[in-house]
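Inspection log for the structure reproduced underneath, given as structure tokens.
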Amino acid sequence: MFKKFMAIRRFFLLLLITAALADQAFAHATPLQYDPAASSVLSKAPAKVQIHFSERIEPRVSNITVLGPDGSRADLSDSALDRVDPRNYSVDLRDAGAGTYTVSWEVISSDDGHFTKGAYVFSVGIAKPGASAESGGFQTIHSSSAPEALTLAVELIGSALILGALFVLAFIWRPMRHYFPEAKSAEREFAGRFQFLLITGCIFSFAGGLAYLIYKTNELVLLRETTFFGAWNSFLSTNSALYTIYRMIGAVFILAGFLALRKRIFAAERITSIECMFLVVLALIDLARARISHAAASTFHPAFGVMMNFVHLFFKDAWIGGIIATVWLLSPLIRKSRNARMAAFALTSFSRIASVALGIAGVTGVYVVWLHLKSFSYIL
């Protein structure tokens, strides 16, 4: 039993590394329709240029620029969202004469926080819209990358560590301490390891959020060719930054609450009110993360999509965090005691948590996959 437990421990550690390095699925505010259309030829200059995107747009940090045939600005610098549909973004135009007009746009999605930019051309009064139109007339560039995925992964692992540690304390360690008196001799070691795991989780969660804010600000610097502090102030006004800050505050709250009440937590025989509060805060952190995702951009009941994504994230955290916490907190105790019954109790208790968490995460994951990939052919 002891050798089997150590083999499972190695497997779980390998699984953790794989999960931490896994690629993230990204979505973006992608143009679905241009008005005027790309490469179109018009008899007169339009009153405005309008672009319909796949996601809602952050108007304070987005922009549409139109250059006339002579290279001067043809737009009136009044880019704005449609009041009815925030996916429609437009700018008014002046008549700059016949010739080729170049439209360039830079937007940030209010739903998932990703940056997108692109350009296209249309013409007025001439039959041929220009060389760039002949090669397709438009281009779109998405900005998400591996560094952004890494910041998100660090934050996700942090939340998972906190949730896993709380689950092991409440549902495995306390019952084990009750049924196996020899476990009490390792209480100090367990408390030290638990404290390290929870503090590490809070640090990861906070650091991942801060790294995300800095990375996205640097992206905005390159996108808008502005200063870091100018881009920082602009990005902090977006939903993506706001919900990231909410999650960072949640991590700080959990850390402060634990450091203030850790003696009461370790001495308790059953789950305490402060632990329940920690779980509520973790749920709110996952809900805030689910809000900034492709689920929020779904045209089919976005609130339902966000809720499904939230449930998926919470139980995925419970599964992955539970694996890490069980290995880190309990394997030293079992290795020293070499008690097969204690090992069986720990693994059986964890399997109950893992089976429920994995089952719910798997079912909701099917819906999340569909939200990201937009095709049932990718679900299996």
Query raised in the report: Would I271 and L166 count as a side-chain contact (heavy atoms from CB on, under 4.5 Å) if you check the C-alpha gap in whole Å, the side-chain angles of each, and the deciding distance to 0.1 Å?
Result: CA-CA 9 Å; I271 191 168; L166 292 173; over 6 Å; no
Can you tell me how far [atom2] of [Y] sits from [atom1] of [X], rounded to the nearest 0.5 angstrom?
X    : Y    : atom1 : atom2 : answer
D82  : R56  : CG    : CZ    : 14.0 Å
I57  : S109 : CD1   : OG    : 6.0 Å
R291 : D112 : CZ    : CG    : 10.0 Å
N218 : L213 : CG    : CG    : 11.5 Å
L242 : S110 : CG    : OG    : 10.0 Å
L255 : F206 : CG    : CZ    : 10.0 Å

Query - K216 and E58 ion-paired at < 4.0 Å - result: no
Under a 4.5 Å side-chain heavy-atom rule over Ile, Leu, Val, Met, Phe, Trp and Tyr, are [X] and [Y] clustered together?
X    : Y    : result
L32  : L81  : no
L236 : L222 : no
F278 : F196 : yes
F235 : Y246 : no
L282 : L198 : yes

Give a yes-or-no answer on whether the side chains of [X] and [Y] include a donor-acceptor pair shorter than 3.5 Å.
X    : Y    : value
E148 : H114 : yes
R247 : S159 : no
N63  : T65  : yes
R94  : S72  : yes

Any donor and acceptor pair, going by atom type alone, linking the side chain of [X] with main-chain N or O of [Y] inside 3.5 Å?
X    : Y    : value
N88  : Q50  : no
T102 : L67  : no
S234 : G230 : yes
S351 : T348 : yes
E275 : T272 : yes
N309 : G305 : no
R60  : S237 : yes
S355 : R352 : yes
T364 : A361 : yes

**Report entry** Evaluation steps, side-chain contact (heavy atoms from CB on, under 4.5 Å), between F204 and I162
**Finding:** CA-CA 10 Å; F204 272 37; I162 301 169; over 6 Å; no
For a 4.5 angstrom cut-off between non-hydrogen side-chain atoms, does [X] reach [Y]?
X    : Y    : result
V49  : D75  : no
R262 : F194 : no
V356 : W319 : no
F122 : L42  : yes
I353 : I172 : yes
L169 : I265 : yes
R289 : L152 : no
M176 : M342 : yes

To check you understand the geometry: which heavy-atom pair defines the closest contact between [X] and [Y], and what is its length?
X    : Y    : result
Y101 : A45  : OH-CB, 3.9 Å
P36  : K48  : CD-O, 4.0 Å
I51  : P31  : CG2-CB, 3.9 Å
S123 : T100 : OG-OG1, 3.3 Å
A231 : L220 : O-CD2, 3.5 Å
A96  : A74  : CB-CB, 4.2 Å

Requested in this report: Could you walk me through whether Y212 and Y215 pass the ring pair (Phe, Tyr, Trp, His ring centres under 6.0 Å) test, one step at a time?
Outcome: CA-CA 5 Å; Y212 174 80; Y215 178 78; 8.0 Å; no
Report task. Go through S79 and Y89 one step at a time and tell me if the side-chain contact (heavy atoms from CB on, under 4.5 Å) criterion holds. Result -> CA-CA 7 Å; S79 302; Y89 194 44; 3.2 Å; yes
Query - Candidate pair M248 and L210, rule side-chain contact (heavy atoms from CB on, under 4.5 Å), full reasoning - result: CA-CA 8 Å; M248 293 168 65; L210 182 60; 3.9 Å; yes
Aromatic ring pairing [X]/[Y], orientation class (parallel under 30°, perpendicular over 60°, tilted between):
X    : Y    : answer
W105 : Y34  : tilted
W173 : F190 : parallel
F314 : F310 : tilted

**Report entry** Over 12 foreign heavy atoms within 6.0 Å of CD, E189
**Finding:** yes
